[in-house]
Amino acid sequence: MSPSQNVSRRTALQLGLSGILAAGMTAATVSPAFAAAPRPAGPKRPATAHSTRITDIGPGVMQYALMSGVMLDGVCYIGSRNLEPTGLIALDVAARRVIRSTTLQTGHSVQALAVDPVRRVLYAGILQKSGGPQPNLYRWDLNSPDSAAVAIGRIGDRDVRDLAVSPDGTLFAVGGGGTGAPALWQYDPASGAVTSLGVPSAAVTLARAVAATDTTVYFGAGSTLGGGGATGRAALYAYDRVSRVYTDITPSEMMPDPSIRELAVDGDRLLVSTAGSTQPTKLAAISLDDHASYSVATSVGKTAKNFAVLGEDVFCANETGLIRWNPAQGSLDAVTPGVDLGEIWGVDPWEGGLAVTSGYGVVVHLDVDGSVIEQIDLGEAGAPVSAQTCMGIAVGAGFAYVGGNGTIARHDLAGGGVTNLRVPGEAKDAEVLDGVLYTGQYSSQGIWAYDPRSGEPFRRAASFPSAQNRPLDTNWDADNGLLLVAAQADTEGGGSLWTYDPATGASTCAVNPIDAVQLVRAVIAVDGVAYLGGDNAQKTGPRGTVVAWDPVEARELWRIETGLPNGIAALESHGRHLFALTIKGGLVVIDRSRQKIVHTADHGALVKGFAALKAARGVIYGVSDSTLFRIDPKTFAVTVVVADINGGWYSGPHLNVDEEGVIYTLRGRTLVKVEDWPQS
């Protein structure tokens, strides 16, 4: 037996040297169809070329993306998502055309819409990157066809997640994203004042639902984002508008769920739903006269939102279609639409059926059994199609793929042209393997696959526990023939590492491989070892841990604490060194064979938040929100490649490289090709 065969796999993995075993193990562990190509070195630098050449390819993703919809008198009012400027449109459903539009001064998306049908006013609340003195509440006068939406003030929370108008015309708002627990806010149209009505619960992190009568406001909250630890679960409060007292009226059956998701007043009852996680979502009908009197039903799936009442039936959206619930009879069943609707942002009664506002940029008229009566493409109807902020990016086999909301734009790098491919959710990161695109899809969508040669649409390749809902980073483990995906559990805290074998379709999920609170934000495979970078969605607690992990046996090999105040944003490797870049720019270089930190540096001037890393042409490239840079793998010096690249990313910057080591990323909202010839 040769010396290489005498080395155990355990010893080789612990040393990060499982390449020693390649001759004896490749046939057993790597599928030839998915054998990884060598790290891209790229062509030699032309003698007359500039050191860096940037080529614009075109907008990363072009579409009319949306995040809210509500009907009034046959007109569907829709709020945009990740477009610039943020705006509202009015779609005449019968005429199939956009009849009005307006832009807003601030924000990136409109999740909250509420109509005052008596006074014919549409209120809108925005999501924004950062709080401040700027307005986040708007009013659009529907009585004046040519009027624009005007700012009416701001709630103290950064994001407005839901709005409700009481019969007397008072507006109530809830949200989150600030430094403390969310409050209940009130706008008085008579005085124009926006005031806080207090914080009902100090434990919750986000409020996503509000409803109101003339006497009572209902506040629904929880910890859907940044959950886990000591954060609160589903919480429903009734606020007495006269006594100004909050009463907790959360049904006991809903308390284990992460959050209250939707509220609506219907006659003499309050309709309530939760966001599910480890359990299916719940639906409740609560008496307005006696909050202790209610009925609860366990629904299908992990979400229920956008209530629409038709007769005795209550319809709402879940992640795969619609739910029909009859509280009086206690019946509940799934309604499968005759068309894929993706993420649903509005459900309203319309001509005996339902008008459904889909995240795919369409409004669909459905019969109550789910049959499609008609579809209206908003772009064709006159909605302003424009470049949106993007998610992940993958490059290979002649295509660049850029993720958006409910779509992935496929750019033909040779022939030009762009095709938008529908896929539910958001592709947070992706890899091209043997010409096939594999994505990590948010939220709770698992891994999806697309082969441009097949003529078939996207398909789900693997599913994982729904609580592990937010994939963050992908990497190809050539030694083991596995796609690796790092993930976060928004509601439960912590995270997971997924593996997927494209050759067999087998998958695994290791929950909390770092610890119970650290999510896995980054993953890189080297010599059959997966290196995991830890972060923490909570403001306190451990973060920044790097774990060496055996992805086949699902066990830890060793770990290092970086000791820096922020979590890991990205990982990459070169030779024996592992490069870890933290959020806000801390660089840590680890000698894998010695399991020791050999270099640290502060690059906060270049990296203000998240970042991504990718090896190519003998160096490590990185991109932050502002800058494309490279790291010398020998001296660890950092050099700016493109200053002020200012990529239009929604959930953190990305970059990828093709087979020649050419870099693809965003400059603004434009996909660019960056050819860089680093000095030797």
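- Using a distance-only test at 3.5 Å, with no hydrogens or angles considered, no donor-acceptor pair links the side chain of D367 to the main chain of G370.
- Looking only at distances, a side-chain donor or acceptor of Q128 sits under 3.5 Å from a matching main-chain atom of R158.
- Remark: the N469 side chain and the S444 side chain contain no N/O donor-acceptor pair separated by less than 3.5 Å.
- A side-chain donor from one of T274 and T281 sits under 3.5 Å from a side-chain acceptor of the other.
- For the residue pair D289 / S287, no side-chain donor-acceptor distance below 3.5 Å is found, with atom types taken as modelled.
- A donor and an acceptor atom, one from each side chain of D188 and Q186, are nowhere located under 3.5 Å apart.
- Between the side chains of W325 and D333, not a single donor N or O lies within less than 3.5 Å of an accepting N or O.
- Between Y237 and F219, the ring planes are perpendicular. Angles over 60° get that label, and only those under 30° would be called parallel.
- In this model, a donor atom of one side chain and an acceptor atom of the other lie less than 3.5 Å apart for Q441 and T439.
- Separation of the H291 and Y218 ring centroids falls under the 6.0 Å cut-off.
- One side chain, N82 or S109, offers a donor N or O that lies under 3.5 Å from an acceptor on the other.
- At a cut-off of 3.5 Å, with distance as the only test, a side-chain donor of E426 or N405 sits close to an acceptor on the other residue.
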